[in-house]
Amino acid sequence: MPDRPEIVCICGSTRFVDEMRAANRDLTYAGVIVVAPGEADELITNEQKTALDALHLRKIDLADRVLVVNPGGYIGESTSREIAYAHATGKPISFTDPV
């Protein structure tokens, strides 16, 4: 028995916020600790985006594995960087849809 629940970092395009929320809910109900992208209700500045992107890489560092939410196989530029980072740091990566 592990001394703590598994930690999963959700990655994906902000266009899939509903799908990421559903994955977060399902994982949480399964007893997983979930770290996910921050959400903004308004447009953010380039500086804020840069800071949030860097913060998300730290979330990947905390995670045991990464789940990419990619309906239809879509992976955008930021998500591609996150996947490359997770791969470089040896994190297992899974996808909700075939790539």
What are the two closest non-hydrogen atoms of [X] and [Y], and how far apart are they?
{"X": "P71", "Y": "V69", "value": "CD-C, 3.6 Å"}
{"X": "H56", "Y": "C11", "value": "NE2-SG, 3.4 Å"}
{"X": "D53", "Y": "S78", "value": "OD2-OG, 4.1 Å"}

Check: residues 27-37 side-chain donor-acceptor pairs under 3.5 Å, at least two apart:
residue : atom : partner : partner atom : Å
T28     : OG1  : N24     : O            : 2.8
T28     : OG1  : N24     : OD1          : 3.1

Worksheet item: Is it true that atom CG of L62 has more than 12 heavy atoms of other residues, nucleotides or ligands lying nearer than 6.0 Å?
Response: yes
[Y] side chain reached by [X] side chain, heavy atoms, under 4.5 Å:
{"X": "E6", "Y": "V8", "value": "yes"}
{"X": "C9", "Y": "K91", "value": "no"}
{"X": "D26", "Y": "R21", "value": "no"}

Atom [atom1] in [X], atom [atom2] in [Y]: separation rounded to 0.5 Å?
{"X": "E77", "Y": "S13", "atom1": "CD", "atom2": "OG", "value": "11.5 Å"}
{"X": "E82", "Y": "K59", "atom1": "CD", "atom2": "NZ", "value": "10.0 Å"}
{"X": "I7", "Y": "D61", "atom1": "CD1", "atom2": "CG", "value": "11.5 Å"}

Check your understanding: Step by step, would you call K49 with L43 a side chain to side chain contact (heavy atoms under 4.5 Å, CB included)?
Key -> CA-CA 10 Å; K49 177 165 178 15; L43 290 175; over 6 Å; no
_If we ignore hydrogens and angles and just use 3.5 Å, is the side chain of T45 paired with the main-chain N or O of Q48 as donor and acceptor?_
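Answer holds: yes.
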Check: T96 side chain, N70 main-chain N or O, donor-acceptor pair, under 3.5 Å: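 Checked: pair present.
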Query - I83: hydrophobic cluster co-members (side-chain, 4.5 Å) - result: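 Members besides I83, by chain and number: L57, I60, V66, V68, I75, Y85, I93, F95, V99.
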